[in-house]
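Notes follow once the structure below has been shown.
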Amino acid sequence: MQRLYDTREGKKVDLALREPGKVGIYVCGVTVYDLCHVGHARTLVAFDVVARHLRARGLEVRLVRNITDVDDKIIRRGHAEGRPAAEVAKHYADAMMADMLALGVAPPDVEPRATEHIADMIEVIRRLEARGLAYAAEGDVYYAVAGFPSYGALSGQSIDALQAGARIEVGEHKRSPLDFALWKGAKPGEPAWPSPWGLGRPGWHIECSAMAHRYLGDAFDIHGGGSDLIFPHHENEIAQSEGAYGSFARYWMHSGMVNFGGEKMSKSLGNVVTIRRVAETHDLEALRLLLISVHYRSPANFTIARDAEDRVVYPELDEAEARLDYFYRTLERLDAFLAATKLGGEPPSSEPASKADAAMDDDFNTAAAIGHLYDAFVLANKLLDDAKALPKAERARTLAAIARDARSIGATLGIMRRPPSEFLVARRERLCVRRKIDGAAVEARIAERSGARARKDFPRADEIRAELKAAGVELMDTPTGTTWRVTG
RNA sequence: GGUGCCGUGGCCAAGUGGUAAGGCAAGGGUCUGCAAAACCCUCAUUCCCCGGUUCAAAUCCGGGCGGCACCUCCA
């Protein structure tokens, strides 16, 4: 039984599907006015994992994730860059999709864009108008919150309490401070579409109500998004959709924010880190591992620091990449062993795998699942090191089970999906660049050292080891020769 | 001010009534010509503090202290 934390209930509940075997999910995607940052990555990775796990559990998932391609910030950016808003939106939507691909976030089943659903939005607004929940004023159309008594239920606030803090911006024509725009009358230089209320563009929240309805129907199972969207965005979505169609999402899931090391806005440090910036120095799979190392509802830390040479570094990311390195190295050992070993029959399911699955069943506990992954890999290394740890056939079966199950957990988490060497080689090359290490030169020194070792000239061999170590290269003597790695 | 979340070892982090997962760091060890990797051992009688409920609480309740988020655009 899948459990999940429902924001509206404020507790974990059993996932009871509307239609057995099928789950409809709507996730608020990004507004494409700039490059995506680590925070966007977290939310989209979180719901990617949700979809992956539900699929792994045999459910048919329909994931809808929108792209907001018309809004104030896009328009402003268009003005600043002297190009149409639509062009700005297209540019950053493409960038977002490329970033998500690089992060291993599977494309949603439907990725609707706001500007392609203007007619659907108008339909929702007309329904609200017909039910007395919307009113037109000076070319704008507003939602009449007073007509929706349960407003505030999701965020646990009363209409009265909300009223106290709300205010009306200049140029708005609301009857009440809590009312929000469904449709905004056209202003010069802004994109505009014809509507029953004249030329204009949609308000902030209406697209999600319209697109969720179009692709998932009057009611569906799970609605997700970042926790910063709970109020007012999701509150308003509920008011719109329930107001227009009587029902909406059954469960509300919200992912936590990413903390940037407690540092306040600092231009010199750059307190918003884009996914592309991370990709310049790290494997994005490490970012993914870092993001899922914390339960999705808790705040995640992403520290921005400076090293001795005053370069920007991300300590947590370094650690995550090192952990991923351990995973891939172990997988590589497993693969090599299994390639040379005959197996009799299908290996049984391993304990870490079932524990990891159980952790995921309990509100998608990726942190616990990763903990179980370690248990699997520690056992694998132990068995690989010690040929006599178990009877031959049992040892082979156990190792095969671990290799298979670790990859299965990885598939759900969206990690360890590449051949190990691909990750390991790329990482070493990246670290060589960072530490300014010339691989060919290192190989030459290793050859020299091998000669010294062959002559039993150990002082000379150790001299070379020490010299390379100082440069950030660590040598590993194995039965099949000397290999090397770059230290952090 | 309102609402919600959180406070677990040096750091990160699971755990929501049954006697503290996991990672990093640190120390010791096995292996090694020396190392590295890998593995083993050690590392929270205790979960911010004070009360309470209970046979039993990190987990529930009350009160404090501290932190964060949202209430305005935000993943």
Side-chain angles (χ1 to χ4, degrees), chain A residues 7 10-12 27-31 33-34 36-47 65 68 71-73 76 96 152 154-158 160-167 169 178 204 224-233 235 254-259 262 272 289-290 293-295 297-301 303 315-316 318-320 322-323 325-326 329-330 333 352 355 359 362-363 365-375 377-386 389 453 456-459 461-463 465-466 468-469 473-479 482-485 487:
Chain A
T7 303
K11 63 183 182 193
K12 280 189 210 170
V27 174
C28 288
V30 305
T31 300
Y33 69 98
D34 204 345
C36 286
H37 59 251
V38 174
H40 295 108
R42 183 175 195 204
T43 297
L44 299 194
V45 164
F47 288 101
R65 196 186 66 211
T68 299
D71 114 309
D72 292 349
K73 279 180 294 210
R76 229 178 291 136
M96 180 273 289
L154 180 69
S155 53
Q157 304 185 86
S158 69
D160 288 346
L162 288 167
Q163 209 109 34
R167 57 178 175 273
E169 299 289 328
L178 281 186
W204 176 25
S227 62
D228 53 347
L229 297 183
I230 295 172
F231 188 90
H233 187 240
E235 206 73 75
H254 291 97
S255 57
M257 299 289 100
V258 176
N259 286 331
V272 164
L289 177 62
L290 173 61
S293 295
V294 183
H295 185 92
R297 280 190 281 116
S298 304
N301 305 310
T303 308
E316 288 96 346
D318 283 335
E319 192 197 312
R323 291 194 289 148
D325 191 76
Y326 169 78
R329 271 186 288 117
T330 306
R333 293 188 73 193
K355 282 186 174 171
D362 187 9
D363 197 26
N365 195 334
T366 52
I370 291 167
H372 295 121
L373 203 50
Y374 268 97
D375 295 339
F377 281 145
V378 166
L379 177 60
N381 280 126
K382 200 181 306 187
L383 292 180
L384 287 164
D385 281 344
D386 183 0
R453 291 183 75 210
K456 302 275 184 200
D457 182 0
F458 293 123
D462 290 347
E463 204 174 285
R465 175 193 288 290
L468 288 173
K469 173 101 181 179
V473 174
E474 209 153 55
L475 300 184
M476 291 123 93
D477 295 324
T478 75
T482 300
T483 62
W484 58 284
R485 63 193 279 268
T487 57

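These numbers were taken from a predicted model, which means no experiment stands behind them. Just so we're on the same page: letters track the sequence lines, and every chain starts at 1.
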Within this structure, what is the [atom1]-to-[atom2] distance between [X] and [N], rounded to whole angstrom?
X: A:Leu379; N: B:G22; atom1: CG; atom2: C1'; value: 15 Å
X: A:Ile370; N: B:G23; atom1: CD1; atom2: P; value: 12 Å
X: A:Leu290; N: B:C24; atom1: CG; atom2: C1'; value: 13 Å
X: A:Arg465; N: B:A36; atom1: CZ; atom2: P; value: 8 Å
X: A:Asp477; N: B:G33; atom1: CG; atom2: P; value: 9 Å
X: A:Tyr33; N: B:C73; atom1: OH; atom2: C1'; value: 8 Å
X: A:His372; N: B:G15; atom1: NE2; atom2: C1'; value: 10 Å
X: A:Arg453; N: B:U32; atom1: CZ; atom2: P; value: 13 Å

Say we look at [N] and [M]: how far apart would their [atom1] atoms be, to the nearest angstrom?
N: B:C43; M: B:C5; atom1: P; answer: 36 Å
N: B:G64; M: B:G17; atom1: C1'; answer: 24 Å
N: B:C40; M: B:A14; atom1: P; answer: 24 Å
N: B:G28; M: B:A35; atom1: P; answer: 12 Å
N: B:G4; M: B:U46; atom1: P; answer: 33 Å
N: B:C12; M: B:U54; atom1: C1'; answer: 34 Å
N: B:A58; M: B:G2; atom1: C1'; answer: 29 Å
N: B:A20; M: B:C73; atom1: C1'; answer: 42 Å

What nucleic acid atoms does [X] come within less than 4.0 Å of, heavy atoms only: base, sugar-phosphate, or nothing?
X: A:Leu475; answer: base
X: A:Arg323; answer: sugar-phosphate
X: A:Ser298; answer: sugar-phosphate
X: A:Gly29; answer: sugar-phosphate
X: A:Thr330; answer: nothing

Look at the side chain of [X] and decide which nucleotide, out of [options], has an atom nearest to it.
X: A:Met476; options: B:A14, B:A36, B:C70; value: B:A36
X: A:Asp462; options: B:C34, B:U16, B:C39; value: B:C34
X: A:Asn365; options: B:G22, B:G15, B:A75; value: B:G15
X: A:Val258; options: B:A75, B:C71, B:G22; value: B:A75
X: A:His295; options: B:A14, B:A36, B:C39; value: B:A14
X: A:Val378; options: B:G22, B:A37, B:C40; value: B:C40
X: A:Glu319; options: B:A35, B:G23, B:A75; value: B:G23
X: A:Tyr326; options: B:A13, B:A38, B:A35; value: B:A38
X: A:Lys73; options: B:C73, B:A35, B:A38; value: B:C73

By the Watson-Crick or G-U definition, both distances under 3.5 Å, B:G66 is matched with B:C6
One thing to verify: whether A:Arg297 and A:Asp363 come together as a salt bridge, which I'm taking to mean a side-chain N less than 4.0 angstrom from a carboxylate O. yes
Does this structure show an ion pair linking A:Lys73 with A:Asp34, if we count only N-O contacts that are shorter than 4.0 Å?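 Salt bridge: no.
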Just verifying a value: how many Å separate A:Phe47 CZ and A:His254 NE2, rounded to the nearest 0.5 Å? 7.0 Å
Approximate separation, where rounding is to 0.5 Å, of A:Asp228 CG and A:Thr43 OG1: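 One gets 7.0 Å once the value is rounded to the nearest 0.5 Å.
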Establish, with yes or no, whether the OP1 or OP2 oxygen of [N] is under 4.0 angstrom from a side-chain nitrogen or oxygen of [X].
X: A:Asn301; N: B:A13; answer: yes
X: A:Arg329; N: B:A38; answer: yes
X: A:Thr31; N: B:A75; answer: yes

Donor-acceptor pair, side chain of A:Arg42 and main chain of A:Ser255, under 3.5 angstrom: no
Do the rings of A:Tyr374 and A:Tyr326 sit parallel, tilted or perpendicular, given the 30° and 60° boundaries? parallel
Is there a donor and acceptor pair, one atom on the side chain of A:Arg42 and one on the base of B:A75, closer than 3.5 Å? no
Answer with yes or no whether A:Asp71 presents, from its side chain, a donor or acceptor under 3.5 Å of a partner atom in the base of B:C73.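 In this structure, the two groups form no donor-acceptor pair.
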Excluding sequence neighbours, so at least two apart, what forms side-chain contact (heavy atoms from CB on, under 4.5 Å) with A:Glu474?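 Counting only residues at least two positions away or on another chain, A:Glu474 forms a side-chain contact (heavy atoms from CB on, under 4.5 Å) with A:Lys469, A:Arg485, A:Thr487.
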In terms of the nearest nucleotide of RNA chain B, which residue is placed more toward the 5' end: A:Lys382 or A:Glu316?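 Closest to the 5' end, via its nearest nucleotide, is A:Glu316.
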Between A:Val38 and A:Gly371, who's closer to the 5' end of RNA chain B by nearest nucleotide? A:Gly371
Going by ring centres under 5.5 Å and near-parallel planes (under 30°), is A:Tyr374 stacked on B:G22?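 Not stacked by the 5.5 Å and 30° rule.
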Might you list the N or O atoms of the protein lying below 3.5 Å from N or O atoms in nucleotides 2-8 of chain B, with each pair's distance?
residue : atom : partner  : partner atom : Å
B:G2    : N2   : A:Gln157 : OE1          : 3.4
B:U3    : O3'  : A:Gly156 : O            : 3.3
B:U3    : O2'  : A:Ser155 : O            : 2.8

